[in-house]
Amino acid sequence: MDVLDEVFERVVKARIFRNRSVLSPDYIPDKLPHREREIRALGSIVAQALKGERPSNVFIYGLTGTGKTAVTLYVLRRLEAKAKELGAPVSYIYVNCRQRDTPYKVLAEIASTLDVRVPFTGLSTAEVYTRLVRRLKKLRGHVIVVVLDEIDWLVKRKGDDLLYKLTRIGYELGLDAAKVSIIGVTNDVKLVEMLDARVRSSLGEEEIVFPPYNAKQLEDILRERAELAFNPGVLEPDVIPFCAALAAREHGDARRALDLLRVAGELAEREGADKVTVEHVKRAWVEIERDRVREVVSTLPLHAKLVLLAVLELTAEGKRYTTTGELYDTYSNLASKLGIERVTQRRVSDIIAELDMLGVISARVVSRGRYGKTRMITLSADPKAVRDALSEDPLVRILLGAE
DNA sequence: AATCCACAGGAATGGTTGGCAG
DNA sequence: CTGCCAACCATTCCTGTGGATT
């Protein structure tokens, strides 16, 4: 038996998972524990579609992993099924604004779901919009619910013009076209303040708030899924409470909890263990963090990487935080060591904001009186993970090697 | 109570790149 | 091929501001 045989054997014999996909992030379960209130609320709003009416636009808030997306998709799938049963022309379109993070991409996504052919670049946004409207006119009598998930990513970067236009489609095309209603989903409660008053009032016809799960509720969710995902008896008794506790610490993020459980299972399976232990969960936590950081850092432009490296250096030993000015100096040094031009402080200010949004650093504005107003910047990701991720960039590695 | 630091962060604009339409 | 456009990074110029010090 050679090495590969051994590997294959091990995987085939592994009996950890019964159905791993149940734990994947886009799996929508049949039961959503502790979200009955939200399901009822959203259901009663979109139910209007079954009577051929345009449902009110809805604004959904809640932190990451509070079940917003799952509940929304769950309700809309059921709505579509019910509509089919009744012969009502109702459909929904789901767009994730984190993946489609510009007005053009969002419109193109909506249009192509409605069978309008759009190239992924080359047209003006206005052109895509008019093609979409033309299509909607052909769909007179239909009710279409558009879900814009994570719209904070769109609004913060590109403003709310698109939302304004989309909400106007719903109102102004009126009887001449399909009825369009919009469900906006956001993690950021403060987002509303950034919206134009007209958008705010039309999008906020209805509002649903998703509270975070507590540790107990997370346990319920995990148990429900674990039963489908794992073979009986492979989870040591402490595993689920431990996952729940870790995720509860992160503002009750159910997605995080499920990820933990899945990765812990994968680790156990990979090493041929017959049980998933708390130790696996601990390692899963580290691995998830490392992957997350690597993914974020790898797509960063060079100057953003240098800024991040500067943060890393400044917060390295003992010192817990740094400020914009100090960071800019350090960054400037790094740039000159590489012999490249530095960007302006204004730009670095934006880079700081971007890194903050990506969750790799955390920056909050503080006022230090006579000593000015600045941002207090801390590294919020694991330093080692950041360092490793940065060193994958050949240019940045020169700096890391030079120390 | 007024001042003033050290930036925050808005608005306008520019230079590239990649890609469609005709 | 030309004209046009979106997207992205970046610059310039700018007004705004919380609170320790004067």
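First the proteins, then the strands, lettered A, B, ... as listed; each starts at 1. In this text the structure is predicted, and so the values were computed from the model without any measurement. We use all heavy atoms of the structure for the numbers below, so side chains are in, but hydrogens, waters and symmetry mates are not.
Contact annotation: Thr125(A) reaches the phosphate of dA6(C) (side-chain N/O to OP1 or OP2, under 4.0 Å). One finds a side-chain N or O of Thr102(A) lying less than 4.0 angstrom from the OP1 or OP2 phosphate oxygen of dA7(C).
For residues 243-302 of chain A, no residue pair satisfies the ring pair (Phe, Tyr, Trp, His ring centres under 6.0 Å) rule, not counting sequence neighbours.
As rounded to whole Å, 15 Å separates atom C1' of dC8(C) from atom CG of Leu302(A). Rounding to whole angstrom units, CG of residue Leu154(A) and C1' of dC8(C) are separated by 15 Å. Between the CD atom of Glu341(A) and the P atom of dC9(C) there is a distance of 19 Å, rounded to whole Å.
Partners of Asp291(A) under the side-chain contact (heavy atoms from CB on, under 4.5 Å) rule, at least two apart in sequence or in another chain, are Glu287(A), Arg294(A). In terms of the side chain to side chain donor-acceptor pair (under 3.5 Å) criterion, residue partners of Glu224(A) (sequence neighbours excluded) are, by chain and number, Lys31(A). Among residues two or more places apart in sequence or in another chain, the side-chain contact (heavy atoms from CB on, under 4.5 Å) test is passed with Glu279(A) by Thr277(A), Lys282(A). Take Asp26(A) and apply the side chain to side chain donor-acceptor pair (under 3.5 Å) test, not counting sequence neighbours, and it matches Ser24(A).
By the 4.0 Å N-to-carboxylate-O rule, Glu219(A) lies close enough to Arg223(A) to be salt-bridged with it. Arg262(A) has a carboxylate O that lies under 4.0 Å from a charged side-chain N of Glu266(A), or vice versa, which qualifies the two as a salt bridge.
Within residues 352-364 of chain A, no residue approaches DNA chain C, by heavy-atom distance under 4.0 Å. Applying a 4.0 Å cut-off to non-hydrogen atoms, none of the residues of residues 105-115 of chain A approaches DNA chain B.
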Evaluate side chain to side chain contact (heavy atoms under 4.5 Å, CB included) for Thr323(A) paired with Arg368(A), printing each intermediate quantity in order.
-> CA-CA 11 Å; Thr323(A) 61; Arg368(A) 295 176 306 171; 3.8 Å; yes
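Taking the ring axis of Phe59(A) as reference, the NZ or CZ atom of Arg200(A) does not stay both within 45° of it and closer than 6.0 Å to the ring centre.
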List the atom pairs, donor and acceptor, that lie under 3.5 Å between side-chain atoms in residues 234-250 of chain A and the rest of the protein, sequence neighbours left out.
{"from": "Glu250(A)", "atom 1": "OE1", "to": "Arg256(A)", "atom 2": "NH1", "distance (Å)": "2.9"}

Which atom pairs, one a donor and one an acceptor, fall under 3.5 Å between side chains of residues 75-91 of chain A and the rest of the protein, sequence neighbours left out?
{"from": "Arg78(A)", "atom 1": "NH1", "to": "Tyr74(A)", "atom 2": "OH", "distance (Å)": "3.0"}
{"from": "Glu80(A)", "atom 1": "OE2", "to": "Tyr92(A)", "atom 2": "N", "distance (Å)": "3.3"}

Can you give me every donor-acceptor pair (side chain of residues 338-346 of chain A, partner residue at least two apart or in another chain, under 3.5 Å) with its distance?
{"from": "Arg342(A)", "atom 1": "NH1", "to": "Ser332(A)", "atom 2": "OG", "distance (Å)": "3.4"}
{"from": "Thr344(A)", "atom 1": "OG1", "to": "Arg347(A)", "atom 2": "N", "distance (Å)": "3.4"}
{"from": "Arg346(A)", "atom 1": "NH1", "to": "Asp350(A)", "atom 2": "OD1", "distance (Å)": "3.1"}
{"from": "Arg346(A)", "atom 1": "NH1", "to": "Asp350(A)", "atom 2": "OD2", "distance (Å)": "3.4"}

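Across all their heavy atoms, Leu63(A) and Pro212(A) have their closest contact at CD1-CG, 4.3 Å.
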Pairs under 3.5 angstrom, nitrogen or oxygen only, protein versus nucleotides 12-22 of chain B, please.
{"from": "dC20(B)", "atom 1": "O4'", "to": "Thr121(A)", "atom 2": "O", "distance (Å)": "3.3"}

Review item, nucleotides 10-18 of chain C N/O atoms under 3.5 Å of protein N/O:
{"from": "dA10(C)", "atom 1": "OP2", "to": "Arg347(A)", "atom 2": "NE", "distance (Å)": "3.2"}
{"from": "dT11(C)", "atom 1": "OP2", "to": "Thr344(A)", "atom 2": "N", "distance (Å)": "2.5"}
{"from": "dT11(C)", "atom 1": "OP2", "to": "Thr344(A)", "atom 2": "OG1", "distance (Å)": "2.9"}
{"from": "dG18(C)", "atom 1": "O4'", "to": "Ser367(A)", "atom 2": "OG", "distance (Å)": "3.3"}
{"from": "dG18(C)", "atom 1": "N2", "to": "Gly369(A)", "atom 2": "O", "distance (Å)": "3.0"}
{"from": "dG18(C)", "atom 1": "N3", "to": "Ser367(A)", "atom 2": "OG", "distance (Å)": "2.6"}

